[in-house]
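This report concerns only the one structure given below.
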Amino acid sequence: MKGKNEQRAGLLYGIGAYGMWGLVPLFWPLLEPSGAVEILAHRMVWSLGVVGIALLVLRRWAWIGELLRQPRRLGLIAIAAAVISVNWGLYIWSVNNGHVVEASLGYFINPLVTIAMGVLLLGERLRPAQWAAVATGFAAVLVLAIGYGQPPWISLVLAFSFATYGLAKKKVNMGGLESLAAETAVLFVPALGFLLWLGASGDATFLSAGAGHGALLAATGLVTAIPLVCFGAAAIRVPLSVLGLLQYLAPVFQFALGILYFHEAMPPERWAGFALVWVALILLTWDALRTARRTRAEALRLAVRAAEAAAPAATASASDPDASTPVK
């Protein structure tokens, strides 16, 4: 019963995390007239404050000294911080400039980009269904490029930056809260410096646009940290295959908001491109579920075989008392 309750809680945490990420396009327009870079800087500064308080409450500080003694991991943290700042900044700009649908496409194709990077950078081998999914995704990008009259650069930058971020995080191998704290610590000084310069030049909106606007800018720290905490709670309670399916909630919500709430145009060629992307994701999902099912079946078969092999030995030991008597 406890295991089922834990899985149910994990599922709710996962839906909450990806649901919040999917609905966050509703939040960024509230921060206007702040520009994307100013919003990004506030997000970096206030996120460090939020995760710092969380680490203080949880008393999780031991990892800092260990990290500081490992220059390679520090370098990977810096890379992760750089690419996630590009991802965050472009995403905020996209939402506030009428490109929500194109931004959602970036997160739809992100799994395909991650797979391609695994092949090119890590030498991973793909199964036939994965090759078919990547090829379909590439065809989708071509269709969308023809439809847009140019490559869907927002989608591609978002997908490649987040895939690079995921690769760096995989190499660093840290918990979600700790890695976010390290990344925002790297970004804190330049972000704070930019905000101070913006204030000195008279272009900052933190105080000039009113107390309510300042509170919303400060809330960017919560908007960043709360979904991540929910994601971390989900990751330790549900299988990765379930998380892999839940990750599509965010771009689905973003896509729906782009069409139904922001009323962005969807000409036929864009529908065709998205349809190809969804076909690729269906192929990936089917292959992942089939592989997971086969892995579980193989593990069960090996366990049964091991139990059958151990049974005769146990029977022989029980029928021959001298066999278990130690030699003196």
Side-chain angles (χ1 to χ4, degrees), residues 17 20-52 77-100 102-107 110 153-166 168-169 176-177 179-210 212-229 231 250-251 254 257-258 262:
M20 283 185 278
W21 281 326
L23 296 175
V24 79
L26 297 173
F27 179 71
W28 302 127
L30 300 178
L31 301 180
E32 294 177 338
S34 298
V37 179
E38 183 180 4
I39 296 171
L40 175 63
H42 276 285
R43 188 177 187 181
M44 294 170 179
V45 169
W46 294 107
S47 294
L48 181 61
V50 171
V51 296
I77 286 289
I79 292 172
V83 293
I84 200 59
S85 63
V86 171
N87 185 275
W88 285 355
L90 180 58
Y91 183 74
I92 295 167
W93 179 88
S94 301
V95 171
N96 286 354
N97 285 273
H99 299 286
V100 177
E102 192 173 350
S104 75
L105 176 63
Y107 295 104
N110 175 67
W153 67 271
I154 293 174
S155 307
L156 293 173
V157 173
L158 287 174
F160 275 92
S161 60
F162 201 74
T164 304
Y165 176 69
K169 295 266 282 189
L177 196 61
S179 61
L180 179 62
E183 292 153 20
T184 49
V186 170
L187 299 168
F188 179 80
V189 172
L192 182 61
F194 174 78
L195 291 176
L196 292 174
W197 172 80
L198 207 61
S201 62
D203 295 324
T205 63
F206 181 65
L207 297 176
S208 62
H213 182 73
L216 284 173
L217 285 172
T220 56
L222 293 172
V223 170
T224 300
I226 291 176
L228 185 71
V229 171
F231 174 79
Q254 294 163 12
L257 284 174
F262 294 102

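Note that the coordinates shown come from a computational prediction; the quantities given were computed from them, not determined experimentally.
For the ring-ring contact (aromatic ring centres under 6.0 Å, His included) test, residues two or more places apart in sequence or in another chain that qualify with H99 are W93. When the side chain to side chain contact (heavy atoms under 4.5 Å, CB included) test is applied to V45, the partners found at least two apart in sequence or on another chain are F188, A191, L192, L195. Judged as a ring-ring contact (aromatic ring centres under 6.0 Å, His included), and not counting sequence neighbours, the contacts of Y165 are F162. For E38, the side-chain hydrogen bond (donor to acceptor under 3.5 Å, both in side chains) partners at least two apart in sequence or on another chain are T205. Not counting sequence neighbours, the partners of A250 by the side chain to side chain contact (heavy atoms under 4.5 Å, CB included) test are Y18, W21, Q254. Taking the ring-ring contact (aromatic ring centres under 6.0 Å, His included) definition, one finds that F206 meets it with H42, sequence neighbours left out. Among residues two or more places apart in sequence or in another chain, the side chain to side chain contact (heavy atoms under 4.5 Å, CB included) test is passed with A81 by E183, V186, L187. Looking at residues two or more places apart in sequence or on another chain, you find a side chain to side chain contact (heavy atoms under 4.5 Å, CB included) between V157 and V86, L90, W153.
In this structure, OG in S104 is found 11.0 Å from CD1 in I154, a value given to the nearest 0.5 Å. Note that the CG atom of L105 and the CG atom of N110 stand 11.0 Å from one another [nearest 0.5 Å].
The minimum heavy-atom distance between S161 and N87, with the atom names listed, is OG-ND2, 3.0 Å. Between H213 and E32, the shortest heavy-atom contact is CE1-O, 3.8 Å. Closest approach of A36 and G89 over heavy atoms only: CB-O, 4.0 Å.
Screening residues 186-200 for salt bridge (charged side-chain N to carboxylate O under 4.0 Å, His left out) gives no qualifying pairs among residues at least two apart or on separate chains. Evaluation of the salt bridge (charged side-chain N to carboxylate O under 4.0 Å, His left out) test over residues 78-91, restricted to residues two or more places apart or in two chains, returns none.
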Would you tabulate the side-chain donor-acceptor contacts of residues 23-30 under 3.5 Å, counting partners in other chains and residues two or more places apart, or write 'none'?
none

Below 3.5 Å, can you tabulate the donor-acceptor pairs from side chains in residues 216-229 to any protein atom, sequence neighbours excluded?
residue	atom	partner	partner atom	Å
T220	OG1	L217	O	2.6
T224	OG1	R43	NE	2.6
T224	OG1	S47	OG	3.4
T224	OG1	T220	O	2.9

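In this structure, T184 contributes its side chain and M44 its backbone to no donor-acceptor pair below 3.5 Å.
Looking at I39 and N96, their side chains come closer than 4.5 Å, going by heavy atoms from C-beta outward.
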